[in-house]
Amino acid sequence: MRSGDEDRLLDGLSQSQLAAVTQPGGPLIVLAGAGSGKTRVLTRRIAWRVLRGETDPNRVLTLTFTRKAAAELRERQRALGLRDRVPAGTFHGIALTQLRQRWTERRTIPPTLLDRKVRFVAQLCSTRTGSRSGVEITDVVAEIDWARARLIAPENYGAAAAAAGRVPPLPPDELADLMVRYQQEKRRKRIVDFDDLLSLAIRDLRADPDYAAAVRWRHRHFYVDEFQDVNPLQFALLSEWLGERDDLFLVGDPNQAIYGWNGADPGLLASMAAADRSTVVELNDNYRSTPQVLGLAAAILGPVAGSKLRSHQGDGQTPTLTSFATDKAEAAGVADAIRGARNIGDRWSDQAVLVRTNAQLVLIEQALGELRIPCRLRSGSGPLRSPEVKTELKAIGRDGIDLVRQLEELDERLADLASPGAGQQTSSGVDRYNNLAALSRVIHEYVTLDPRPSGPGLLAWLDTMQQGDVDSSEDAVDLVTFHGAKGLEWPVVHLAGLEDGFVPIAYAKTDAQLQEERRLLYVALTRAERSLHLSWAKERTFGTTTTKRQPSPLLEPIGRAISGLAGTAPTPPDWRAEIARSRSRIPGAPQAGTSSATLTELRQWRSRKARAAGVPPHVILADQLLQVIAEHRPATSTQLAAMPGMRPTKLQRYGAELLSVLERSAEAKAAPR
């Protein structure tokens, strides 16, 4: 017999979620598909085991990859009654805490944490005899970081890079030598970087068995989120923390492994799942997206991996795929689509535009500004905010600068960067070129508008262009890259710039890189809840050069999937038309009339239910269903049951409360003022 608290923790879980929460022992590996409620499962498993006395909350360690994700886990745990007793943090954050305690105990002066790695490495490169000109230090730093994350020793770097299909920014022997000198110089100056935090934590645990035993006594129950993003260095530290124990819970999705370029090894998740002593639970119920959205996602992954997710949302719109003559026309078309997709009661923040690279956001940001649609660059990203563009603007934004001449020089450099062998085989090389090309384009636009162009005038114009006269509140359309969209979701998603060279990205050559690009598009597609719009441009301008573009080869299976879905979805793009047609199916329904006030009350009720259950609002009831209920205002259970998308389980669970909300809304509307 379960207690009331146990029932509360398990209420609303699917069978697979229930198995993941209550499965005894470990290691337990949860393969959680997109939108399947992985965070809900992770936090409830911790609470379940604490409640049953199987886990000491002070001995739990929950690991994730960002401070934001760690904060969300702590917040959810507090909502389940665990307060702040359960530690949650990043690998680097926990390692630093461990090292600080160690240094304090041993009365050791802590080393200095290196916060400007690019400058540090640049100084090493400049002091080397015969150093090469034109080498981008960011590329060098990225390669050092990749090798460190993969536990690759300098002497093995050349072979490992070749096997991974990487294009080193320096000859392999030179880069290996630089890796050695980088480590030596840090030791000489008593400086550590973030990867050193992990390496030093591992070293201390391996060097002192008594110390290792004390740390393992402190941390006994391990939970790791997004395990597909773990790299070998992080896994080595996790293994040292764990020791010989098996109290381990890992949650991840191999289909969302998109950080191999940065050192992550998705094979670690597969090997853990295949281990004899591991128990594997799969979460294949998607509570976020409509069947139409998941249909496109399945088409990208193929018949085996893509067919597993099952939608628990009602039918939605058939996704659209549109080609435009130019990139500027595409940006205007996306802006028009965003405006057209906004219905009464919707927020601008219900929509997002996703692109592969930051540089693609410039035209879209401008097009939205022209329609006075508020937008925001997620995490402050965007080509005009990139380091190389900021450096360029600092140089050409001064008074007295011949801006036209500076623009000509920028275009000449872009032409050099576009030439073969100019570094565009790397991710940072492509991003740098695209960002500078975006800057060139907007400067050309400014020069045509200002008869006396100047550096300060350019900066003032850019400030106006980026901020405009639009609403600067939090209600804004999100502009974000595919990578930046991971972990987020929106009711309506627009994927723009789906062209060969962007999707997949130009520098992806090996099978592993191309498969990661495929997974990245899958991540972008599965951010959409109910509506998905895809587009590409037949011509795109980079700086002053306009080039013909081809659609992404990945659009071929998407196009077939859309053709197969066409005519199967009962919801056309115009929701109002669907609402009008559905009136006849509701026995005794009152005359329809949109009530934004009623919709607001319904959404407030849904938010309260979602917070109490610890789930996203759409898990309670979908946005589209609330819209229909607000329009029809059913007065009886029979009328409510006739609403399109109202399933019997939802009616039984929420029917009485919904009717009560509608009744109160009607009374408030009828009350004299």
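Excluded from the calculations below are hydrogen atoms, water molecules and symmetry mates; all remaining heavy atoms, backbone and side chain alike, are included.
In this structure H533 satisfies the side-chain hydrogen bond (donor to acceptor under 3.5 Å, both in side chains) test together with T320, S531, sequence neighbours excluded. In this structure R116 satisfies the salt bridge (Lys or Arg N to Asp or Glu O under 4.0 Å) test with no other residue, sequence neighbours excluded. Remark: A485 pairs with L354, V480, W490, R527 by the side-chain contact (heavy atoms from CB on, under 4.5 Å) rule, at least two apart or across chains. For the side-chain hydrogen bond (donor to acceptor under 3.5 Å, both in side chains) test, no residue two or more places apart in sequence or in another chain qualifies with D265. Contacts of T391 classified as side-chain contact (heavy atoms from CB on, under 4.5 Å), with partners at least two apart in sequence or in another chain: none. Contacts of R413 classified as salt bridge (Lys or Arg N to Asp or Glu O under 4.0 Å), with partners at least two apart in sequence or in another chain: E392. In this structure R519 satisfies the salt bridge (Lys or Arg N to Asp or Glu O under 4.0 Å) test together with E516, sequence neighbours excluded. When the side-chain contact (heavy atoms from CB on, under 4.5 Å) test is applied to S607, the partners found at least two apart in sequence or on another chain are R611. Residues passing the side-chain contact (heavy atoms from CB on, under 4.5 Å) test with S323, sequence neighbours excluded: W536, K538. Listed by chain and number, the residues in a side-chain hydrogen bond (donor to acceptor under 3.5 Å, both in side chains) with Q228 are E226 (sequence neighbours excluded).
Between T526 and A297, the closest heavy-atom pair is CG2-CB, 3.6 Å. For the residue pair G33 and D253, the shortest heavy atom distance occurs at CA-OD2, 3.7 Å. Heavy atoms only, all atoms of each residue included: R166 and W261 are closest at NH1-O, 3.2 Å. The shortest non-hydrogen separation linking W146 to A164 is CZ2-CB, 3.8 Å. Considering all non-hydrogen atoms of both residues, Q313 and P291 come closest at O-CD, 3.7 Å. The two atoms that bring A524 and F482 nearest to each other are CB-CD1, 3.7 Å, heavy atoms only.
When atom types are taken as modelled, the side chain of N262 and the backbone of Y259 share no donor-acceptor pair closer than 3.5 angstrom. Of the possible polar contacts, one joining the Q360 side chain to the R356 backbone as a donor-acceptor pair under 3.5 Å is found. Between the side chain of D475 and the backbone N or O of S349, at least one donor-acceptor pair lies under 3.5 Å. Checked by atom type and distance alone, the side chain of S552 pairs as donor or acceptor with a backbone atom of V503 at under 3.5 Å. Between the side chain of Q351 and the backbone N or O of I338, at least one donor-acceptor pair lies under 3.5 Å. Q550 contributes no side-chain N or O that, together with a main-chain N or O of E499, makes up a donor-acceptor pair within less than 3.5 Å. At least one donor-acceptor pair closer than 3.5 Å links the side chain of Q513 to the backbone N or O of T510. Judged purely by atom type and a 3.5 angstrom limit, K328 has no side-chain atom pairing as donor or acceptor with the backbone of A325. No side-chain donor-acceptor contact under 3.5 Å links H312 to the backbone of S289.
Residues T545 and T547 are in side-chain contact: their nearest non-hydrogen atoms beyond the backbone lie under 4.5 Å apart. In this structure, the side chains of L458 and P453 stay at 4.5 Å or more apart for every pair of heavy atoms. Side-chain contact between L393 and K390: absent, with no pair of heavy atoms (C-beta onward) separated by less than 4.5 Å. Between I401 and S454 the shortest side-chain heavy-atom distance does not fall below 4.5 Å. With a 4.5 Å cut-off on side-chain heavy atoms, Q292 and Q317 do not count as touching. Residues C375 and E365 meet the side-chain proximity criterion, which asks for heavy atoms closer than 4.5 Å. Looking only at side-chain heavy atoms (C-beta outward), L436 and E388 come within less than 4.5 Å of each other.
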Full working for salt bridge (charged side-chain N to carboxylate O under 4.0 Å, His left out) between R530 and D315: CA-CA 8 Å; R530 67 171 188 243; D315 275 335; over 6 Å; no
Full working for side chain to side chain contact (heavy atoms under 4.5 Å, CB included) between L554 and L498: CA-CA 9 Å; L554 298 180; L498 298 179; over 6 Å; no
Test log, rule side chain to side chain contact (heavy atoms under 4.5 Å, CB included), inputs V334 and L368: CA-CA 8 Å; V334 169; L368 291 171; 5.9 Å; no
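Using modelled atom types, one finds no donor on one side chain facing an acceptor on the other under 3.5 Å when comparing S311 with T290. If you check the side chains of S440 and D411, you find a donor sitting under 3.5 Å from an acceptor. A side-chain donor from one of S535 and E330 sits under 3.5 Å from a side-chain acceptor of the other.
Between R603 and D346, at least one side-chain N (NZ, or NE/NH1/NH2) sits under 4.0 Å from a carboxylate O, which counts as a salt bridge. Under 4.0 Å is where a charged nitrogen must lie from a carboxylate oxygen, and between D327 and R549 no such pair does. Using a 4.0 Å cut-off between a side-chain N of Lys or Arg and a carboxylate O of Asp or Glu, R288 and E489 qualify as a salt bridge. In summary, D336 and R339 engage in a salt bridge, as defined by a charged side-chain N under 4.0 Å from a carboxylate O.
Sequence neighbours left out, not one pair with a member in residues 393-402 passes salt bridge (Lys or Arg N to Asp or Glu O under 4.0 Å). Judged as a salt bridge (Lys or Arg N to Asp or Glu O under 4.0 Å), not a single pair has a partner in residues 292-302 (not counting sequence neighbours).
For the side-chain contact (heavy atoms from CB on, under 4.5 Å) test with L296, the passing option among L495, I558, L521 is I558; the others fail.
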